[in-house]
Visitor: 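Following this message is one structure expressed as structure tokens.
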Amino acid sequence: MTLRLPKDIDALVQARADAGGFATAEEVLRDAMRPWLEAEQKRQEGLRAIREKIAQGDADPTDVSAGEVSARLDRIAASIAKSSPDAA
């Protein structure tokens, strides 16, 4: 693969390689990409977990309407509000 970097980034990469911490510009770029690659891996893992939860929900035979969910959440919120010290 051949990449053309903007002049300012190319200069930074080359300066970092020339400073002696890296043998080549490719090593500089590899090191710079590492945090992004790690973040991307975590993002993908998160997406897999979400897809798994969606699949579990889709496979659940319990069919609850939006109205039932809303009513249950309203009951929970009312219960929390009643038990709150600020509810007086």
Visitor: Can you see which heavy atom on Ala17 is nearest to which on Ala25, and at what distance?
Guide: CB-N, 4.0 Å
Visitor: How many angstroms lie between OG1 in Thr24 and CD in Glu27, if you round to the nearest 0.5 Å?
Guide: 4.0 Å
Visitor: Hey, could you give me the CD/CZ distance between Glu38 and Arg34, rounded to the nearest 0.5 Å?
Guide: 7.0 Å
Visitor: Before you tell me yes or no, could you show the steps for Gln41 and Leu37 under side-chain contact (heavy atoms from CB on, under 4.5 Å), namely the whole-Å CA-CA distance, both residues' side-chain angles and the distance that decides it to 0.1 Å?
Guide: CA-CA 6 Å; Gln41 182 180 5; Leu37 292 169; over 6 Å; no
Visitor: Do Asp10 and Gln14 have side-chain N/O donor and acceptor atoms under 3.5 Å apart?
Guide: no
Visitor: State the CG-NZ distance between Leu12 and Lys7, to the nearest 0.5 angstrom.
Guide: 14.5 Å
Visitor: Can Ile9 be reached from Phe22 by stepping across I, L, V, M, F, W or Y side chains whose heavy atoms are under 4.5 Å apart?
Guide: yes
Visitor: Does the side chain of Asp58 reach to within under 4.5 Å of the side chain of Asp60, using non-hydrogen atoms?
Guide: no
Visitor: Any side-chain heavy atom of Ile76 within less than 4.5 Å of one from Arg72?
Guide: yes
Visitor: Donor-acceptor pair, distance only, cut-off 3.5 Å: does the side chain of Ser83 make one with the backbone of Ser79?
Guide: yes
Visitor: Spell out, yes or no, whether Val13 and Met33 are grouped together once hydrophobic residues are joined by side-chain heavy atoms under 4.5 Å, including indirect joins.
Guide: no
Visitor: To the nearest 0.5 Å, what is the distance between CZ on Arg48 and NZ on Lys53?
Guide: 15.5 Å
Visitor: Rounded to the nearest 0.5 Å, what separates atom CZ in Arg16 from atom CG in Leu29?
Guide: 11.0 Å
Visitor: As an exercise, state the distance from CD1 of Ile80 to CG of Leu73, rounded to the nearest 0.5 Å.
Guide: 9.5 Å
Visitor: Please lay out, stage by stage, how Lys42 and Glu45 fare under the test salt bridge (charged side-chain N to carboxylate O under 4.0 Å, His left out).
Guide: CA-CA 5 Å; Lys42 286 180 183 178; Glu45 289 169 2; over 6 Å; no
